[in-house]
Amino acid sequence: MTIPVRGPKGERSLFTATSSLRETMWRRLRSDCMSDLQVISHYLHDKALTLSGLRDNAGVRGLSPRERQCLEMVAQGKLPKQIAPALQISESAVRLYLRSTKRKLGVATTAHAINRAAVLELIDG
């Protein structure tokens with residue numbers, strides 16, 4: 001299974017996971033772990049760019065436009081199922097952007113992410 005990754009400045013990479021499990025077991029594992037693998041793929045992409053010197057990540061990394069949009073809409077009280085059609089993306093993509101935002105800001109909860117992003121003036125508070 002290969003996951004394409006695109007960074008906030010257009011950088012691209014591919015994350016591939018394989019297994020020697022039987023096909024039915026592999027399908028089940030992929031299904032259960034897909035969202036985690038997507039988060040991991042973005043994390044590894046960011047780390048590879050930072051370690052190679054291709055990206056400077058001093059302090060808190062900036063949020064992508066989509067991450068900001070999702071976080072601002074959650075701050076306005078909207079649920080992922082309401083955000084998805086407004087941004088013309090899937091509900092799982094909204095959740096992925098919110099998880100990525102929390103990771104970038106170094107927080108555990110969405111409420112903390114909203115607060116921290118507002119304090120850092122990354123979103124309109």
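Applying the salt bridge (Lys or Arg N to Asp or Glu O under 4.0 Å) criterion to Arg95, with sequence neighbours excluded, gives Glu91. Ser20 meets the side chain to side chain contact (heavy atoms under 4.5 Å, CB included) test with no other residue; sequence neighbours excluded. Judged as a side chain to side chain contact (heavy atoms under 4.5 Å, CB included), and not counting sequence neighbours, the contacts of Thr109 are Ala111, His112.
Of the residues listed (Leu122, Asn115, Ile114), the one engaging Leu105 in a side-chain contact (heavy atoms from CB on, under 4.5 Å) is Leu122, and it is the only one.
Among residues at least two apart or in separate chains, side-chain hydrogen bond (donor to acceptor under 3.5 Å, both in side chains) pairs with a member in residues 81-90 are Ser90-Ser92.
What you find for His45 and Ser13 is that their closest heavy atoms are ND1-OG, 2.7 Å. In this structure, Lys102 and Ala113 approach most closely via the heavy-atom pair CG-CB, 3.9 Å.
The number of heavy atoms from other shown groups lying within 6.0 Å of CE (Met25) does not exceed 12.
With values rounded to the nearest 0.5 angstrom, Thr110 atom OG1 is found 5.5 Å from Leu98 atom CG.
The shortest distance between side-chain heavy atoms of Leu79 and Ile83 does not fall below 4.5 Å. Annotation: side chain of Arg103 is in contact with side chain of His42 (closest heavy-atom distance under 4.5 Å). Here the side chains of Thr2 and Phe15 are not in contact, with every heavy-atom distance at 4.5 Å or above.
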Ignoring hydrogens and angles, write down the donor-acceptor pairs under 3.5 Å from the side chains of residues 65-73, residues two or more places apart or on other chains.
{"residue": "Arg66", "atom": "NH1", "partner": "Gln69", "partner atom": "OE1", "Å": "2.9"}
{"residue": "Arg66", "atom": "NH2", "partner": "Leu87", "partner atom": "O", "Å": "3.2"}
{"residue": "Glu67", "atom": "OE1", "partner": "Ser64", "partner atom": "N", "Å": "2.7"}
{"residue": "Glu67", "atom": "OE1", "partner": "Ser64", "partner atom": "OG", "Å": "3.4"}
{"residue": "Glu67", "atom": "OE1", "partner": "Lys104", "partner atom": "NZ", "Å": "2.8"}
{"residue": "Glu67", "atom": "OE2", "partner": "Ser100", "partner atom": "OG", "Å": "2.6"}
{"residue": "Glu67", "atom": "OE2", "partner": "Lys104", "partner atom": "NZ", "Å": "3.3"}
{"residue": "Arg68", "atom": "NH1", "partner": "Leu63", "partner atom": "O", "Å": "2.5"}
{"residue": "Glu72", "atom": "OE2", "partner": "Asp124", "partner atom": "N", "Å": "3.2"}

Would you tabulate the side-chain donor-acceptor contacts of residues 29-41 under 3.5 Å, counting partners in other chains and residues two or more places apart, or write 'none'?
{"residue": "Ser41", "atom": "OG", "partner": "Leu37", "partner atom": "O", "Å": "3.4"}
{"residue": "Ser41", "atom": "OG", "partner": "Gln38", "partner atom": "O", "Å": "2.7"}

Using the side chain to side chain contact (heavy atoms under 4.5 Å, CB included) rule, take Leu14 and Ile3 through it: C-alpha gap first, then chi angles, then the decisive distance, then the call. CA-CA 6 Å; Leu14 296 173; Ile3 300 170; over 6 Å; no
